[in-house]
Amino acid sequence: MVLFSIPFNEITESFGAAVSCLSTSHLTDEVIRRSKRMILDTLGVGLLGTSTPVFNTVLQCSQQALENSKVWGRPGLSLPPQYAAFVNGVAVHSMDFDDTWHPATHPSGAVLPAVLALAETLPVKPSGLELLLAFNVGIEVQGRLLRFSKEAHNIPKRFHPPAVVGVMGSAAATAKLLGLPAAQSIAALAIACSSAGAPMANAATQTKPLHMGNAARGGLEATRLALLSLEGNTQILDLESGFGAFYPDYVPHPLAEVTPTSHYRWVLEDQNIAQKRFPAHLGMHWVADAAIEARAKFLDKCPNADLSQIKKITLRVPTSRYVDCPLPVSEHQARHSFQFNCCTALLDGEVTIETFSKSHMNRSALKEMLLKVQLENPQDNHSSFEKMYCEIAVETTQGEMFTARCNTFYGHWRKPLSHEDLVRKFRANASTVLSAEVVEGIIYTVDHLDTNQDCSMLWSYMHFNKHMMHRDECRSSQCNASLLNRSTFE
């Protein structure tokens, strides 16, 4: 009870202060004596442990990384596959621009980096269809696990979902790509479960993207350990103390029996994906669309009006503490701020990548407008990406009121981006790193994955960077890659 009377950051600050201030002068003779015993004992059991089967297995797994996988956008740089999966996974989620599913998670970023990193090391490269199958197995496992909990249908409060289900999806996808039998696939899931979980407290910080990278890496490592016969609990998905530890209302159900001739209904068939138009938390897209509509109404009636005439802004949104950030001081906080995305949409009529730059964030007009925002949490506005809405009311100094409501933003699974707009988004993003020829090569390769017998061009394309290669070398490599890519299908 005493803890609740302490300011919520005081305990953490006290820990930080202690870590910073403690010095060798604080050590007592008794602490030194006991800690030396602990160190000696730990070294001894550690040395003894080097003779155990589990040590030999993980050592063997670590030494197997003789083959390397490409780091996206870094020509000439490769890493052991699990680390390539990690850094590429971090890249996917580094701006919170990746896809979102329902129940809430970012499904692709934990799976695709792991699958591509593994595929690149295989002696026989998988076909595009085999790659698609492995990817979809990873997506399917995530979707099924999320549906075993009602809590998972809401905006998460405790665990960041990719760190929970993403690592399981990565394990399932890489197990499928390796063709593991059922027993080893189960082992991969059990091992991966011990790498699952990351707290939502690290949302809106630089650490959040690591959740995705860790999920991609952890799943791939789990599969490689299972391939070496490491075992885990064979009932990991059944037990409250297994995967059920992440959701208090976890009620698992068996999947439908799969036979070579049976039809299988994928979750992805019934639940589409949300793909974002700008790099921010999904909830910000409702806010931006509502704010842009309110701005249009304001300027339509008062074309020459100054937005400084806005006296008060009321946002009616769901209760969600980690995206209620009145005065963000970093780009990561801004990506998770109802208030920031509302105000920048009112000022600019859009939210873009540049919105989260220091120059935009430090505008005096934006800072002044942020002070005018008030949040309301109507009881009927549920903390769920399926059910939430955003209402905005803009009141001017002249007493006029302009309102707007967004029930479904453009890009939501109920209102998905057109194929043309999705390709346009890809071109805009990829062209920041790749030349136009390579960008078009990736579009072509992905479009033909289901008929491509060798998808190695996909990760080869991802290895380019137009800013890190000499012009002649880049042109030559692009030409050769483009010709090879076309010949694959002809």
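- A 4.5 Å side-chain heavy-atom check between Phe86 and Leu210 finds at least one atom pair inside the cut-off.
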Apply ring pair (Phe, Tyr, Trp, His ring centres under 6.0 Å) to the pair His160 and His93, showing each step before the final yes or no. CA-CA 12 Å; His160 190 206; His93 198 56; 5.5 Å; yes

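- Taking NE2 from His412 and CG from Asn272, the interatomic distance works out to 10.0 Å, rounded to the nearest 0.5 Å.
- Across Tyr83 and Arg217, no two heavy atoms sit closer than the pair CE2-NH1, 3.9 Å.
- Ion pairing between a basic and an acidic side chain is recognised when a charged N comes within 4.0 Å of a carboxylate O; Asp421 and Arg277 show no such pairing.
- When all heavy atoms of Arg144 and Arg265 are compared, the pair lying nearest together is NH2-O, 2.8 Å.
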Apply side-chain contact (heavy atoms from CB on, under 4.5 Å) to the pair Met212 and Ser94, showing each step before the final yes or no. CA-CA 9 Å; Met212 190 69 74; Ser94 62; over 6 Å; no

Leu315 and Ile392: side-chain contact (heavy atoms from CB on, under 4.5 Å), yes or no, with the steps? CA-CA 5 Å; Leu315 274 180; Ile392 182 172; 4.1 Å; yes

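- His336 and His281 have tilted rings, their planes meeting at an angle from 30° to 60° on a 0 to 90° scale.
- Leu434 is not listed as a side-chain neighbour of Asn465, based on a closest heavy-atom distance of 4.5 Å or more.
- Under the 4.0 Å criterion applied to side-chain N and carboxylate O atoms, Arg363 and Asp348 are assigned as salt-bridge partners.
- Both tests hold for Arg405 against Tyr389: distance to the six-membered ring centre under 6.0 Å, angle to the ring axis within 45°.
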Trace of the ring pair (Phe, Tyr, Trp, His ring centres under 6.0 Å) decision for Phe356 with Phe278: CA-CA 10 Å; Phe356 305 96; Phe278 57 88; 7.0 Å; no

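- Between Phe409 and His285, the ring planes lie tilted relative to each other; the angle falls in the 30° to 60° range.
- Rounding to the nearest 0.5 angstrom, the gap separating the CD atom in Glu130 from the CG atom in Asp454 is 10.5 Å.
- In terms of heavy-atom proximity, Gln184 sits nearest to Ala226 at NE2-O, 3.1 Å.
- Atoms CD1 and CE, from Ile191 and Met168 in turn, are 10.5 Å apart once rounded to the nearest 0.5 Å.
- Distance alone, capped at 3.5 Å, places no donor-acceptor pair between the Asn381 side chain and the Asn377 backbone.
- In this structure, Asn429 CG and Phe97 CZ are separated by 4.5 Å, a value rounded to the nearest 0.5 Å.
- Counting only heavy atoms from C-beta outward, the side chains of Asp98 and Ser108 never approach each other to under 4.5 Å.
- Ala172 and Val141 get closest at one heavy-atom pair: CB-CG2, 3.5 Å.
- Distance alone, capped at 3.5 Å, places no donor-acceptor pair between the Arg74 side chain and the Met468 backbone.
- The number of heavy atoms from other shown groups lying within 6.0 Å of CD (Glu386) is above 12.
- Using a distance-only test at 3.5 Å, with no hydrogens or angles considered, a donor-acceptor pair links the side chain of Ser431 to the main chain of Ala428.
- At distances below 3.5 Å, at least one donor-acceptor pair connects side-chain atoms of Arg295 with backbone N or O atoms of Leu346.
- Closest approach of Ser320 to Ile155, counting heavy atoms only: OG-CG2, 3.8 Å.
- No donor-acceptor distance shorter than 3.5 angstrom exists from the side chain of Gln275 to the backbone of Leu417, with no hydrogens or angles considered.
- Salt bridge status for Glu440 with Arg427: present, with a side-chain N to carboxylate O gap under 4.0 Å.
- The main-chain N or O of Thr319 is found under 3.5 Å from a side-chain atom of Ser383 such that the two form a donor-acceptor pair.
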Pair Phe464-Glu437, side-chain contact (heavy atoms from CB on, under 4.5 Å): steps then yes or no: CA-CA 11 Å; Phe464 284 108; Glu437 294 90 340; over 6 Å; no

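- Between the side chain of Lys176 and the main chain of Asn136, no donor-acceptor pair closer than 3.5 Å is present.
- For Ala134 against Ala173, the heavy-atom pair with the smallest separation is O-CB, 3.1 Å.
- Side-chain atoms of Asn452 and Met457, non-hydrogen and from C-beta on, never get closer than 4.5 Å to each other.
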So Thr223 and Leu178, side-chain contact (heavy atoms from CB on, under 4.5 Å) or not? Walk me through it. CA-CA 9 Å; Thr223 294; Leu178 284 175; 3.5 Å; yes

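- Under the 4.0 Å criterion applied to side-chain N and carboxylate O atoms, Lys372 and Glu395 are not assigned as salt-bridge partners.
- Between the side chain of Glu331 and the backbone N or O of Ser357 there is no donor-acceptor pair closer than 3.5 Å.
- Inter-residue side-chain proximity for Lys125 and Cys455 is flagged as unmet; no heavy-atom pair is nearer than 4.5 Å.
- Using cut-offs of 30° and 60° on the angle between ring planes, the pair Tyr247 and Phe243 is tilted.
- Atom NE2 of His332 and atom CE of Met95 lie 9.0 Å apart (nearest 0.5 Å).
- You'll find the side chain of Pro113 reaches within 4.5 Å of the side chain of Trp72, heavy atoms only.
- The aromatic rings of Phe385 and Trp286 sit parallel to each other, their planes meeting at less than 30°, with 60° as the upper class boundary.
- Annotation: side chain of Leu268 is in contact with side chain of Ile273 (closest heavy-atom distance under 4.5 Å).
- The shortest side-chain heavy-atom distance between Val111 and Gln142 falls under the 4.5 Å cut-off.
- No more than 12 heavy atoms of other residues, nucleotides or ligands shown are found within 6.0 angstrom of CD on Glu257.
- Between the side chain of Gln339 and the backbone N or O of Val373 there is no donor-acceptor pair closer than 3.5 Å.
- Residue-environment remark: CD (Gln309) exceeds the threshold of 12 foreign heavy atoms within 6.0 Å.
- Without hydrogens or angle criteria, Trp101 side chain to Gln271 main chain gives a donor-acceptor distance under 3.5 Å.
- Interatomic distance, CG of Leu118 versus CG of Leu122, reported as 4.5 Å (0.5 Å rounding).
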